[in-house]
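For reference, the structure discussed in these notes is given below.
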Amino acid sequence: MLKVMLVDDMDVVRLELKRMHVWGEKSGFAVVDEAKNGEEALEKLQRNKADLVITDIKMPKIDGMELLSKIVAQNLCPCVVLLSDFSEFSYARQGLILGAFDFLAKPANAEELEKLLERAHEHIVSKQRETERVKKLEEVFKEKTEEFFHEADIDEIAELIQSRDSKAAEKIRHIMERIGAGLDYDTMKVEGVMKKGVPQVIEAILDTNGWFEKYIDVAELGIVNIHRFDDFDEILDFIMKDVGRIIAVFNTLQLGYPEKGIVWEVCNYVLRNIDNGLSLQTVSENLYVNRTYISEVFRQKTGLSFIEYLTRVKIERGKQLMGKGLKSYEAAETLGFKDAEYFGKLFKKHTGKSLSEFRHKK
């Protein structure tokens, strides 16, 4: 039997609904709880979820619309029906946009309620089946992830990527093809496994390179979001492009490999502290290394002056800051530029795009 909660600040409305001969075996629903307002309903639902909530719109403390939003956000009930009188129909329609299943006109009659419960029953059972299917798939994905993404594999891939080793792409492609074959190239299963496995690789990279997420949107990597792929080759291409993007970040920003000497240390410090108004002097003081020595060795080893490298890092960081919603002048200020116009000129020089062109593309 599916559980129902009735929510209305008027006792008589709840009583009339409970007295209707639609509950029990006839509909598959039973009224198991009720509340006088949205606040009380929310507290009860957080303790014991319901299958269906029928709620009035206008109530004290927390009204029906706010209750609906909180139920959807906290996944407290799969089906919410709004009670509304004629003057509230516009709110009821807005409720459908926010996630309500339907609305019921006041005063409700048994025939309309029975028809609504029939549709709601089908909706809830369908969602339960889908939830169970997803749960089983997740169990399969967990097993397959552990089977195909061993801890040693994850560490090796992360190390290969950080070292810019060309074998990184080969290794990942090999693992991907092994996964595809093991899952009969079923795109949904492969995507599910990759959603579980790839973030582990990203996490391993971040463990030793905390600066990394300042320069690339980690949330966009590794099929973290839902995609629709037509075949396995599309997934493979998607992953390999991500691998290329990650390696490019290391190639561009983390210089000094494989020696991992003073250049490496300088790059690490700059990458971690780029938002703190850096200069050669501050880097020198914090690393306890003579600034002239840093300047000479850096140019000798990389072919770049320290200032050229610092500007490169600032531009890459600026892309991320603006990509997250900062205005160009705000990004410039964060990066230590006193003149936003000068930042714009440097940005155009390094990227080939003006700030407005970059924002438009984003």
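No experiment lies behind these values; they were computed from the predicted model shown.
In this structure, Leu52 and Lys3 have side chains that are not in contact, with every pair of non-hydrogen atoms separated by 4.5 Å or more. Between Phe232 and Val190, the closest side-chain pair of non-hydrogen atoms falls below 4.5 Å. Between Leu68 and Val72, the closest side-chain pair of non-hydrogen atoms falls below 4.5 Å. Considering only heavy atoms from C-beta on, Val53 comes within 4.5 Å of Ile71 through its side chain. Val249 has its side chain out of reach of Arg245: every pair of non-hydrogen atoms, C-beta onward, lies at least 4.5 Å apart. Taking the side chain as every heavy atom from C-beta outward, Asp233 and Tyr185 never approach each other to under 4.5 Å.
Put simply, CG on Leu271 and CG on Asn268 are 6.5 Å apart, with the number rounded to the nearest 0.5 Å. Between atom CZ of residue Phe298 and atom CG of residue Leu255 there is a gap of 5.0 Å, rounded to the nearest 0.5 Å. Taking CZ from Phe306 and OG from Ser284, the interatomic distance works out to 9.5 Å, rounded to the nearest 0.5 Å. Remark: Gln162 CD to Ile246 CD1 distance equals 10.0 Å, nearest 0.5 Å. The distance from the CZ atom of Phe343 to the NZ atom of Lys348 is 14.0 Å, given to the nearest 0.5 Å.
With Asn276 contributing its side chain and Leu278 its backbone, the two residues share no donor-acceptor pair below 3.5 Å. Of the possible donor and acceptor atoms, none in the side chain of Lys106 sits under 3.5 Å from a partner among the backbone N and O of Ser84. Using modelled atom types, one side-chain atom of Glu357 and one backbone atom of Ser354 make a donor-acceptor pair closer than 3.5 Å.
Using a 4.0 Å cut-off between a side-chain N of Lys or Arg and a carboxylate O of Asp or Glu, Glu333 and Lys338 do not qualify as a salt bridge. A salt bridge is absent between Lys127 and Asp51; no separation between the charged side-chain nitrogens and carboxylate oxygens falls under 4.0 Å. The residues Asp275 and Lys214 are annotated as salt-bridged, a charged nitrogen and a carboxylate oxygen being separated by less than 4.0 angstrom.
Atom CD of Glu177 sits in a crowded spot, with more than 12 heavy atoms from other residues, nucleotides or ligands closer than 6.0 Å. More than 12 heavy atoms of other residues, nucleotides or ligands lie within 6.0 Å of CD in Glu66, so this atom counts as buried by the packing criterion. A 6.0 Å sphere centred on CE of Met10 holds no more than 12 heavy atoms belonging to other residues, nucleotides or ligands. Residue Glu122 places its CD atom among 12 or fewer non-hydrogen atoms of other residues, nucleotides or ligands, all under 6.0 Å distant.
The two residues Met1 and Ala30 come nearest to each other via the heavy atoms CG-CB, 3.5 Å. Of all non-hydrogen atoms in Ile216 and Gln320, the two that sit nearest each other are C-NE2, 3.3 Å. Nearest heavy atoms, Ala204 versus Ala158: CB-CB, 3.8 Å. His123 approaches Cys79 most closely through the heavy-atom pair CD2-SG, 4.0 Å.
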>> Pair Leu82, Thr55 - check side-chain contact (heavy atoms from CB on, under 4.5 Å), show working.
In response: CA-CA 5 Å; Leu82 299 172; Thr55 178; 3.7 Å; yes

> Can you check side-chain contact (heavy atoms from CB on, under 4.5 Å) on Val270 and Cys267, steps first, answer last?
Replying inline: CA-CA 5 Å; Val270 169; Cys267 289; 5.8 Å; no

> Do Leu104 and Glu112 pass the side-chain contact (heavy atoms from CB on, under 4.5 Å) test, and can you show the C-alpha distance, the side-chain angles, and the key distance before you say yes or no?
Replying inline: CA-CA 8 Å; Leu104 191 64; Glu112 290 177 348; 4.2 Å; yes

> Would Glu285 and Gln281 satisfy side-chain hydrogen bond (donor to acceptor under 3.5 Å, both in side chains), going step by step from the backbone distance to the final call?
Replying inline: CA-CA 6 Å; Glu285 290 173 354; Gln281 182 65 34; 2.8 Å; yes

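Residues meeting the side chain to side chain contact (heavy atoms under 4.5 Å, CB included) test with Glu316, sequence neighbours left out: Tyr215, Leu253, Lys319.
Between the side chains of Asn209 and Gln254, not a single donor N or O lies within less than 3.5 Å of an accepting N or O.
The side chain to side chain donor-acceptor pair (under 3.5 Å) contacts involving residues 18-28 comprise Lys18-Glu34, where partners must be two or more places apart or lie in separate chains. Evaluation of the side chain to side chain donor-acceptor pair (under 3.5 Å) test over residues 39-50, restricted to residues two or more places apart or in two chains, returns Asp33-Lys44, Glu40-Lys44, Gln46-Gln74.
Tested against Arg119, the residues Ile124, Asp102, Val81 include a single side-chain contact (heavy atoms from CB on, under 4.5 Å) partner, Asp102. Shown are Trp211, Trp264, Tyr257; of these, the ring-ring contact (aromatic ring centres under 6.0 Å, His included) with Phe250 is made only by Trp211.
By the criterion of side-chain heavy atoms lying less than 4.5 angstrom apart, applied directly or through intervening Ile, Leu, Val, Met, Phe, Trp or Tyr residues, Leu304 is grouped together with Tyr293 in one hydrophobic cluster.
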